[in-house]
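Everything below concerns the one structure shown next.
Residue numbers run from 1 in the order of the sequence given.
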Amino acid sequence: MKITLDHLTKKFPNRAKNKPDVIAVNDFTFEMPDGKLVGLLGPSGCGKSTVLNLICGLLKATEGKIFFDEDDVTNIPAEYRGVGIVFQNYALYPHLTVEKNIMFPLENFKGADKMSKEEMRARALEAAKLVQIDQLMDRKPAELSGGQQQRVAIARALVKQPRVLLMDEPLSNLDARLRLQTREEIRRIQRETKITTIFVTHDQEEAMSISDLIVVMKDGVLQQIGKPQQIYDEPCNLFVAKFLGTPPINVFHGRVEGGKLLVGQDEILSVEGVENQDVWCAIRPEAFTLAEDGPMQCALHGVEIMGRDVSVVAGHPALEGVQMRAITPSARKLDDDVENVRFRLDPEKVLLFSKADEKRIPCELK
Ligand code: ADP
Ligand code: MG
């Protein structure tokens with residue numbers, strides 16, 4: 001099922017007197033395609049949970065509309081929207097077995113929809129098989145690991161065969177390895193069921209790895225929608241560029257002058273299609289290659305070997321922050337006592353942003 005948000009806005013009254021309302025979601029317009037997994041990504045407090053709660057009907061929109069396919073569901077109560085939700089804290093009933101926890105949403109069906117015990121058990125087993133916990137049906141939540149508990153929560157969300165699955169930071173309470181495993185599991189379940197899924201996270205790597213489509217938001221405002229690689233390669237503004245990628249993109253004070261891109265004293269690339277101006281020059285860590293005749297000189301602070309990656313930690317007078325990071329395998333050979341290093345740059349991994357509004361400046365770099 002397709003979900004359309006049409007100029008959706010949610011304001012909360014401010015508890016402090018004489019302060020303006022909190023605009024948690026601001027004029028959100030977006031179409032989520034049928035059968036896809038959409039990652040809703042943004043820093044804490046940017047309004048991600050509010051978007052989910054508006055879609056499932058736990059919150060009422062201040063302005064705007066929500067459509068499920070062509071149906072306007074803006075004023076339909078949550079229980080009739082056919083939405084399954086998984087939260088960060090699994091919210092299982094501690095005194096019920098796994099089976100009873102999964103069956104619970106089915107107990108509320110009334111009238112013609114009312115199910116027999118046998119039907120409910122069959123449906124619960126089906127959902128449990130999907131998340132591979134069908135061996136654990138008789139246990140209580142306290143007898144399960146965090147990952148298993150989260151699977152029970154997912155099974156419980158799926159048992160009603162919802163039209164939409166919403167997941168609000170479902171992996172945050174799991175340790176690193178389990179997070180990785182459960183995220184692949186969610187991807188598999190989504191592919192198998194083809195259920196339209198919205199996955200909320202503040203973790204860019206998680207969003208990149210799991211999503212068909214990423215929606216980036218900041219301060220209640222939608223920033224960019226696109227495939228993960230596309231958003232990484234062509235961020236629409238400096239915020240999105242900085243938010244995606246580990247290590248993060250390196251940002252420098254730059255200047256375009258007479259077809260040259262200058263970073264401090266270094267003339268690093270030639271540029272076409274940009275008028276002379278000060279710019280933010282953002283360079284991905286993987287853009288750097290050590291080269292004795294490279295155009296960019298940096299002060300070497302250290303070399304860190306982290307498994308497969310070797311990162312050069314360095315300084316540059318035009319840096320926005322304190323340090324920069326370059327990921328380059330050639331750094332294995334670097335001597336620790338070298339003071340300066342020179343880099344050549346991959347122009348595809350260098351991005352320019354306006355100093356005035358931080359929007360991306362389209363241009364040709366060579
Ligand atoms: P996220 O899930 O991205 O961390 P939320 O959607 O929870 O963000 O919150 C977005 C903004 O709305 C925050 O500034 C938060 O403090 C505010 N907010 C959320 N719920 C309420 C509420 N019930 N009353 C007042 N402000 C709220
Ligand atoms: Mg949240």
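- K160 places a side-chain heavy atom less than 4.5 Å from the side chain of L106.
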Take Q150 and N173 through the side-chain contact (heavy atoms from CB on, under 4.5 Å) test and state the conclusion after the steps. CA-CA 9 Å; Q150 189 56 298; N173 285 2; over 6 Å; no
Atom pairs and distances, side-chain donor-acceptor, residues 52-68, under 3.5 Å, sequence neighbours left out:
residue, atom, partner, partner atom, Å
N53, ND2, S49, O, 3.3
K60, NZ, N75, OD1, 3.1
T62, OG1, K11, N, 2.8

Considering only distance and modelled atom types, tabulate donor-acceptor pairs under 3.5 Å from the side chains of residues 258-272, sequence neighbours left out.
residue, atom, partner, partner atom, Å
D266, OD2, Q297, N, 3.0
D266, OD2, H316, NE2, 2.9
S270, OG, K366, O, 3.4

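- Using a distance-only test at 3.5 Å, with no hydrogens or angles considered, a donor-acceptor pair links the side chain of D72 to the main chain of T74.
- From T29, atom OG1 reaches atom CG of L5 across 8.0 Å, with rounding to the nearest 0.5 Å.
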For R255 and N276: C-alpha separation, side-chain torsions, deciding distance, then whether side-chain contact (heavy atoms from CB on, under 4.5 Å) applies. CA-CA 7 Å; R255 175 152 186 84; N276 291 352; 4.3 Å; yes
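- Within the structure, salt bridge (Lys or Arg N to Asp or Glu O under 4.0 Å) contacts touching residues 300-326 (residues at least two apart or in different chains) are K242-E320, E304-R325.
- Note that the CD atom of Q149 and the CG atom of N89 stand 10.5 Å from one another [nearest 0.5 Å].
- Rounding to the nearest 0.5 Å places SG of C236 at 10.5 Å from CD of Q230.
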Walk me through whether S44 and H202 qualify under side-chain contact (heavy atoms from CB on, under 4.5 Å). CA-CA 6 Å; S44 177; H202 62 270; 5.5 Å; no
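- A salt bridge is absent between D69 and K2: the closest approach of a Lys/Arg side-chain nitrogen to an acidic carboxylate oxygen does not fall below 4.0 angstrom.
- Scanning both residues, L8 and V25, for their nearest heavy atoms gives O-CG1, 3.6 Å.
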Begin from the C-alpha positions of N237 and Q223 and carry the test side-chain hydrogen bond (donor to acceptor under 3.5 Å, both in side chains) through to its verdict. CA-CA 8 Å; N237 61 34; Q223 304 288 306; 2.9 Å; yes
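- Inter-residue side-chain proximity for S211 and F199 is flagged as unmet; no heavy-atom pair is nearer than 4.5 Å.
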If you look only at distance, which donor and acceptor atoms sit under 3.5 Å apart when one is on a side chain in residues 91-101 and the other is two or more places apart or in another chain?
residue, atom, partner, partner atom, Å
T97, OG1, K100, N, 3.1
E99, OE2, R121, NE, 3.0
E99, OE2, R121, NH2, 3.4
N101, OD1, Y93, N, 2.8
N101, ND2, Y93, O, 3.0
N101, ND2, L96, O, 3.1
N101, ND2, T97, O, 3.2

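- T201 and D203 share no donor-acceptor pair across their side chains, judged by distance under 3.5 Å alone.
- When all heavy atoms are compared, the tightest approach of V38 to V215 is CG1-CG2, 3.7 Å.
- Annotation: the span from D233 atom CG to E348 atom CD amounts to 8.5 Å, rounded to 0.5 Å.
- Counting all heavy atoms, side chain and backbone alike, V159 lies closest to P105 at CG1-CG, 4.0 Å.
- Inter-residue side-chain proximity for F353 and V279 is flagged as unmet; no heavy-atom pair is nearer than 4.5 Å.
- One N or O on the side chain of R284 and one on the backbone of Y232 form a donor-acceptor pair closer than 3.5 Å.
- N14 places a side-chain N or O within donor-acceptor distance of the main-chain N or O of P20, the cut-off being under 3.5 Å.
- Sorted by first then second residue, the salt bridge (Lys or Arg N to Asp or Glu O under 4.0 Å) pairs that include residues 179-198, not counting sequence neighbours, are R151-E185, R183-E205, E185-R188, R187-D212, R188-E192.
- Residues W280 and E358 are in side-chain contact: their nearest non-hydrogen atoms beyond the backbone lie under 4.5 Å apart.
- The side chain to side chain donor-acceptor pair (under 3.5 Å) analysis of residues 128-142, with sequence neighbours excluded, yields no pairs.
- Counting heavy atoms from C-beta on, the side chains of F343 and L290 come closer than 4.5 Å.
- No side-chain heavy atom of R163 sits under 4.5 Å from any side-chain heavy atom of R81.
- Using modelled atom types, one side-chain atom of T9 and one backbone atom of D27 make a donor-acceptor pair closer than 3.5 Å.
- In this structure, the side chains of L158 and I189 come closer than 4.5 Å at one or more pairs of heavy atoms.
- Heavy-atom contacts from other residues, nucleotides or ligands closer than 6.0 Å to CG of D337 number more than 12.
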Residue pair M296, F252: steps toward the side-chain contact (heavy atoms from CB on, under 4.5 Å) verdict: CA-CA 12 Å; M296 191 165 184; F252 300 84; 3.5 Å; yes
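- To the nearest 0.5 Å, atom CD of residue Q88 and atom CG of residue L174 are 9.5 Å apart.
- P170 places none of its side-chain heavy atoms less than 4.5 Å from the side chain of I154.
- To the nearest 0.5 Å, the span separating NE2 on H7 from CZ on F28 amounts to 13.0 Å.
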